[in-house]
Number of protein chains: 2
Amino acid sequence: MVKVAKDNSTEEKILEAARKIFVHKGMTGARMQEIADAAGINKAMLHYYFRNKEMLFETIFSQAAQKLFPQLNIIFESDLPLFEKIENFVQAYMDVMIENPYLPMFVLTEMHQNPERFYKKMKGEMNFPKPDKFLAQIEKEVKRGTIKRISPLQLLMNIISGTIFPFIAKPMFQMHIGLDELQFRQFITQRKKEYAGFVIDAIRK
Amino acid sequence: MVKVAKDNSTEEKILEAARKIFVHKGMTGARMQEIADAAGINKAMLHYYFRNKEMLFETIFSQAAQKLFPQLNIIFESDLPLFEKIENFVQAYMDVMIENPYLPMFVLTEMHQNPERFYKKMKGEMNFPKPDKFLAQIEKEVKRGTIKRISPLQLLMNIISGTIFPFIAKPMFQMHIGLDELQFRQFITQRKKEYAGFVIDAIRK
DNA sequence: ACTTTTGTTAACCATTTGGTTAAATTATAT
DNA sequence: ATATAATTTAACCAAATGGTTAACAAAAGT
């Protein structure tokens, strides 16, 4: 008997609820009962569909990581000229995070609190983008004299920092500056347009 | 009888151990027994010195926040010219984080996972730096035409992102790029020297 | 029709975990 | 010296928590 797709609404409900809870409270802060309640089902169902807490968490985490990491390939693998590549990356990555504002913090938290599990997961499942090509491209432009002298790694860090950090620091920033949800969204929209230009201005000769 | 300072080595041992555990595993991931073990004392001592887990955690968290947030005043309150201010901030803040590489992630995690507690804490105890002066200074330079047109908030975010994010992304970055501890430290040292210059190059006319 | 598989529930269980207590030990004051 | 206060420990406790079970209901196969 093949396990036919069935009405997967239950499994889907579980995943949705688990995502919500795990993303906000982390692996250790989440409670199975809470997830069950959020999904509107019996706690035993969680174990029926996903053996245990660990496995449920890993499912959620993998999905999250899959949304974030492969995007890095945009910057690493494409054949665009440097400036366009930067522009592309910032916009594409910010779009992902506009849709999933909590993902970056969720993934980073897990990475810090449980690096072993994280590494194992990554090595195995994730087709992990290698930045070599991008770094080489920067190096080349530096040597050509197209852009200012800068360490490729530093430039890469600058691009990624400015793209991701705003979503991580959102609560801190909102509190400090006193932005509400709408203002923050506007801030991000503006940033999506302008940040690549900022970086480019910094390296353009 | 006045509670005299006493040999506070026990209290100090507890705080040290608690810091280590909390910072790595977060509030919910930490175990009181684990902290006691790390401190080499009986678990009841934790409750003797700090009523309960919540209060022990808040002590640690407050100390951490106190190390990070007031530093922002460097950028907000000083009277230096803009470029020097940026240079100053980047260097001072990175020094703090070189000494306490796990603090930023710790504070951010708590902020995300328990914003209510965080806000309450901040409003009460922390003399929270207001960025108004710094933002006004940027605005002024823009109007004067000393620097390129840029939203003050965007520039502030750029400065902070590039300064803090490398410490948050350390594990991700190390894995991606394959840096060891030493190489990472060198990367940070270089960054401390160069990042302010990167920002300044981006806004200088 | 009826047998078998799949999905769901309520009740239960073992362990972990934060927290307490009462007694013992050490320091402090008189 | 001795009474008093502060510190420390081992044993204990109740609640929370992840996980299981056995019975039941709904689909699916024959």
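Chain letters run A, B, ... following the sequence lines, proteins first, then strands; residues in each count from 1. Heavy-atom basis, side chains included; hydrogens, waters and symmetry copies ignored.
From one end of the helix from C:dA1-D:dT30 to C:dT30-D:dA1 to the other, with five pairs defining each end axis, the axis direction shifts by 10° (rounded to 10°).
By the ring pair (Phe, Tyr, Trp, His ring centres under 6.0 Å) test, B:Phe134 is found to be paired with no residue, residues two or more places apart in sequence or in another chain being considered. For B:Glu181, the salt bridge (charged side-chain N to carboxylate O under 4.0 Å, His left out) partners two or more places apart in sequence, or in a different chain, are B:Lys170. Remark: A:Asp180 engages A:Leu182, A:Gln183 in a side chain to side chain contact (heavy atoms under 4.5 Å, CB included) (not counting sequence neighbours). The salt bridge (charged side-chain N to carboxylate O under 4.0 Å, His left out) test applied to A:Asp95 returns A:Lys192, not counting sequence neighbours. For A:Glu194, the side chain to side chain contact (heavy atoms under 4.5 Å, CB included) test picks out A:Gln190, B:Gln154, with sequence neighbours left out.
As rounded to whole Å, 14 Å separates atom C1' of C:dG7 from atom CG of A:Leu46. Atom CD of B:Glu58 and atom C1' of C:dG18 are 16 Å apart (whole Å). Summarising the geometry, the separation between CD1 on B:Ile14 and C1' on D:dT8 is reported as 11 Å, rounded to the nearest angstrom. Following rounding to the nearest Å, B:Asn52 (CG) and D:dA16 (P) show an atom-to-atom distance of 15 Å. Spacing between atom NZ of B:Lys53 and atom C1' of C:dT16 amounts to 12 Å, rounded to whole angstrom units. To the nearest angstrom, P of D:dA23 lies 18 Å from OH of A:Tyr48. The CD-C1' distance, from B:Glu11 to D:dT7, rounds to 12 Å in whole Å. Separating the CE atom of B:Met55 from the P atom of C:dG19 is a distance of 10 Å, rounded to the nearest angstrom.
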Result block: side-chain N/O donor-acceptor pairs under 3.5 angstrom for residues 80-88 of chain A, not counting sequence neighbours:
unit_1	atom_1	unit_2	atom_2	d
A:Lys85	NZ	A:Ser78	O	3.0
A:Lys85	NZ	A:Gln137	OE1	2.6
A:Glu87	OE2	A:Gln91	NE2	3.4

Using distance only, find each side-chain donor-acceptor pair of residues 28-39 of chain A under 3.5 Å and give its atom names and separation, not counting sequence neighbours.
unit_1	atom_1	unit_2	atom_2	d
A:Thr28	OG1	B:Thr28	OG1	2.9
A:Thr28	OG1	B:Gly29	N	3.3
A:Arg31	NH1	A:Thr28	O	3.4
A:Arg31	NH2	A:Thr28	O	3.3
A:Gln33	NE2	A:Asp37	OD1	2.9
A:Glu34	OE2	A:Lys25	NZ	2.7

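Within residues 21-38 of chain A, the residues approached by DNA chain D to less than 4.0 Å at the level of any non-hydrogen atom are A:Ala30, A:Arg31, A:Met32, in residue-number order.
The shortest distance between the side-chain N/O atoms of A:Thr10 and the OP1/OP2 oxygens of C:dG7 is not below 4.0 Å.
A salt bridge (charged side-chain N to carboxylate O under 4.0 Å, His left out) check over residues 52-68 of chain A, counting only residues at least two apart or in different chains, returns the pairs A:Glu54-A:Arg117, A:Glu58-A:Lys121. Within the structure, every pair that satisfies the ring pair (Phe, Tyr, Trp, His ring centres under 6.0 Å) test and touches residues 15-43 of chain B, not counting sequence neighbours, is listed here: B:Phe22-B:Phe57, B:His24-B:Tyr102.
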Identify each atom pair where a protein N or O and an N or O of nucleotides 9-13 of chain C are less than 3.5 Å apart, giving names and distance.
unit_1	atom_1	unit_2	atom_2	d
C:dT9	OP2	A:Asn42	N	3.3
C:dA10	N7	A:Asn42	ND2	3.2

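If you look at A:Phe173 and A:Phe184, their ring centroids are not closer than 6.0 Å.
Surrounding NZ of A:Lys20 are at most 12 heavy atoms belonging to other residues, nucleotides or ligands under 6.0 Å away.
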